[in-house]
Each structure stands twice: as structure tokens, then as C-alpha cells.
Amino acid sequence: MASGNGSTNGSGTYFPNVDPVKYAGPDSRDVLAFRFYDKEAVIMGKKMKDWLRFSVCFWHTFRGSGADPFGRPTITRHFEGDDGTDSMENALRRVEAAFELFTKLGVEYYSFHDVDVAPEGATMAETHANLEKVTDRMLELQKETGVKLLWGTANLFSHPQYMNGAATNPDPLVFMRAATQVKFAMDATHKLGGEGFVFWGGREGYMHILNTDMVQEMNNYARMLKLAIAYKEKIGFSGQILVEPKPREPMKHQYDYDVQTVIGFLREHGLENDVRLNVEPNHTQLAGHEFEHDIVLAAKLGMLGSIDANTGSESLGWDTDEFITDQTRATMLCKVIIEMGGFQQGGLNFDAKVRRESTDLEDFFIAHVASMDALAKGLRNAARLISEGYLSRMLEERYAGWASSLGTQIGSGELPLDRIAEMYTTVHELEERNGKAHGTTSAKQEKFIAVFNHYIS
Ligand code: XLS
Ligand code: NI
Ligand code: NI
């Protein structure tokens, strides 16, 4: 494919040289075709597109420039116009290009931050008017294309006024600025029929403990969530409120550290029924866990709302936001989705970007297609793994003791500590006599992996 040049000689205005991506089957060698993603195909009772609910994020795909802390932008896009500025004209052109890309990829959802889609004005009122104007056009484009909004969010981290935090700022006036942005962004999300509203606390953390009142800051963060929940009720917004954990970057420590921390925080403030989690595996890795750890934990605790489908490089200590292309990871992730019965209002949102060195226009099409296809393959693998049931039977067997009458008596709290000690003393004596102590049963890790690998093909 040659790069699109904005002419209108093919289908579409912005990417005339890219045809809508089609399912071509596993034998295809075309990187702009799906080998496994057959969106209408039914797997375990549900269409592939409904299991996966793919979403393209606006910020990386349409605002990504390849700039990094050490270098200037490397990527220029023809739909940015001549000047590439943050003008309304560019903003409106960009959304046209975005919907053409969504449609050609065949994704049904997208996500955005307020400032990705509309430029900030000189005043709050002007910023609001810009957002209204651009989102009005987005609403029309949604109606024309059938593409829907997965979630919206307010960018509470880029503006210099947020350098000391947004909701967690020592200054209440900055909290108010953040609250104002949240209100406008929630209104826009509601107008667009969004299925969620995300809080990612980029600046909600600290750089040094000596100048920080952690408890004040965490209480204020909870206050912001409570205000958003109340406002959601007020306007009749039915999307889910989501918190996206991340341990650090840009701050040294962030309060939304990981899934376990956020769930504890939500419970502390009585928010566990009103908030779900948007889990991003690259953040999980930054927290020192394996790729799938937080997704599995959130799902098992009934708290997984949505996924920012990306991955990082373990050898690098930052959020590299890479597209998922690895089969083991894709299968692990889809196993969780099937086990929880699919998403309710969430989806697989590509919070991922092409590399700084991937400067061709076709690169971002290829990146999305490759990841959608890897995840589609992962879904097929996971469906076979789950329906054949070997792995779940092995897991059940490993914990069978807890299903026995002794296990349930302990689990239910029926047996007090002294009774347990008394019983165990007798059991231990018996075991010693027979020379068979408990606790040395093989964990079968290699067998579990080997069985899992049977489905990675
Ligand atoms: C940054 C986050 C961000 C959120 C949305 O690391 O992943 O992109 O998803 O604000
Ligand atoms: Ni994210
Ligand atoms: Ni991230």
C-alpha cells in the first residue's frame, strides 16, 4: 500500500489507498487482512466482535507524534493540514480521518480525552465551546458510521496547572479546575452515548514525601470520584465510572498503584459498587507484576470494567504502550474475558502506539490489524482451552481440599483456632507415624504450562 495523500481517488477521503480490512483466513499472507478475526463468527455463543469489543484510542493514533523525552516528533500525518497546529480546523479534520480509520479497520468503538479532540481555548468557556463543537461533529459521524464511544476522559495531567496534582493538588482552586474539566468531559461523553468515563490519575501522586500530605490527597481524590458519581446520577449518564491503575510515571508514586491497591482504596471510601477498573497490562508490568496479573485479579473480584489492551517491554522501565501481538499473552487475556462472560460496558481499547521509528502511514493500520488478529487468535485459543476443560479440572483438583468438609469448616469460620490446633495435633501425629506429611504435593507448574501451550497454535 502506498501512503494516503489526502486525495479522493479511492474509497474515503483520508486513506484512499487503504481498503476496508477484511477477513481472509489463516492462509492469507496479507498484513492488511485478518487471518483470525472474522467479526461475525460465533465462538462459544457470542460473535467475535462482541467478545472483543475493539476500541481505537484517539490520543496515540491521532495525536501521537513520535516525540519522546529525548527527541522531537518523527511522525507527520497528512490530515493534520499544513500547519499541524492545535487549531479547530485541524481538530475537525482529524475527527473525519479518525472515523474513516475506525470504519476501515472495522472497530466498533473508540475512546478519547477532552484535549485530544478539541483545542483548549483562552478561557474555560472557550475550551468548553470547542469541545462542544467537535463532539457535535463526532456525534454525527457516530450516527453515520455506527461507530460508538467506549469511554471518554478528562486529561488532568498535561496542563502546567496540574503539575502538583489535579484532584490531589494542595490548592483547592486546581481541584476546581479539574472538576470543571471532568464535568465538561462527562457531559460530552454522555452526549456521545459513551459506555464509560475513565479516571487515570497521572498526576495523582507525589514526588517527595516530605512536602506531601498523603491522607489529605487521597481523601480529595475520593471526593472527586464521589462528585463524578453524584453528577452521573444527576444527568442520567448510564456509563460506568472507571479508575485506571498505574504505579508511577509521570509521578514517582501514584495512589492508583495497582488493582489490589485501588480496590482497597475504593472499599475504604465506600466506592466499590460505583466504580470499576480499567486495567492496562503495561501499567501492571510497571507495578512489578506479570502482564496478566491485574486483569485476572480484577476479573476474579468482579471489578474488571474494561481493558487498555497494550503491553510493555520488561527490559525497559516505562510505559512503552506496545500493541499486543504475542500469542501467550493474547490467549491469557482472552481466557479472562471468556471466563467472566464477556464485557458488560467495557472493551479492548488499544491504548497503544506505533514505534517512534514507524513513520509510514500504513504502519498504524498494520499495527491495529496485527493486534486485532493476535487477540482474535487468542480468543479462539482460549475458547478451545476452556471448552476442553483440562486446565480448569487441574486447578480444581489442586484446591480440592478446600471443597472437602474439613476445608469448608475452616473456610466458613466454623472451627475456632484452638479447635484447629487440637485437631491438627492429632492429624500430625498420625501422619508422622505413617511417614506421609502434607504440603509436598507437586504444584505441577510445568504441566499447567504444557497444557496451556497445547492451545497456542
Ligand atoms: C497513561 C494512561 C492513559 C489513560 C487515559 O499511561 O494509560 O493513556 O489510559 O488517560
Ligand atoms: Ni491507558
Ligand atoms: Ni498507560
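Counting starts at 1 for both ligands and their atoms, in listed order.
By the criterion of a heavy-atom distance under 4.0 Å, neither the backbone nor the side chain of Val198 is placed next to ligand 1. The proximity of Glu280 to ligand 1, defined as any non-hydrogen pair under 4.0 Å, is limited to the side chain.
Protein N/O/S atoms closer to the Ni ion (ligand 3) than 2.8 Å number 3 in this structure.
Sequence neighbours left out, the pairs with a member in residues 331-350 that pass side-chain hydrogen bond (donor to acceptor under 3.5 Å, both in side chains) are Ser55-Asn349, Ser111-Asn349, Asp308-Asn349, Thr331-Asn381, Lys335-Glu339.
Taking the side chain as every heavy atom from C-beta outward, Lys49 and Glu40 approach each other to under 4.5 Å. For the pair His283/Trp200, a side-chain contact is recorded, criterion being any heavy-atom separation below 4.5 Å from C-beta on.
Using a 4.0 Å cut-off between charged side-chain N and carboxylate O, Asp274 and Lys226 make no salt bridge.
Listed for the Asn90 side chain is a donor-acceptor partner under 3.5 Å among the backbone atoms of Glu80. Proximity of a side-chain donor or acceptor of Ser65 to a complementary backbone N or O of Pro73 within less than 3.5 Å is not detected. Distance alone, capped at 3.5 Å, places no donor-acceptor pair between the Ser371 side chain and the Ala367 backbone.
For atom 2 (C) of ligand 1, the nearest non-hydrogen atom of the protein is Glu244 OE2, 3.3 Å. Here the heavy atom of the protein found nearest to atom 8 (O) of ligand 1 is Asp351 OD2, 3.0 Å. The nearest protein atom to atom 5 (C) of ligand 1, hydrogens excluded, is given as His113 NE2, 3.3 Å; this is a heavy-atom distance.
At a 3.5 angstrom cut-off on N or O pairs, Lys246 counts as close to ligand 1. An N or O contact shorter than 3.5 Å is missing between His60 and ligand 1 by distance. Residue His283 has at least one N or O atom closer than 3.5 Å to an N or O atom of ligand 1. An N or O contact shorter than 3.5 Å links Trp59 to ligand 1 by distance.
Both the sub-6.0 Å distance and the 45° axial angle are satisfied by Arg77 relative to the ring of Phe364.
Looking only at atom types and distance, the side chain of Arg248 has a donor-acceptor partner in the side chain of Tyr257 under 3.5 Å away.
Near Asp308, the atoms of ligand 1 lying under 4.0 angstrom from a non-hydrogen atom of the residue are 9 (O).
A centroid separation of less than 6.0 Å is found between the aromatic rings of Tyr110 and Phe102. Two rings, from Phe62 and Phe79, have their centers less than 6.0 Å apart.
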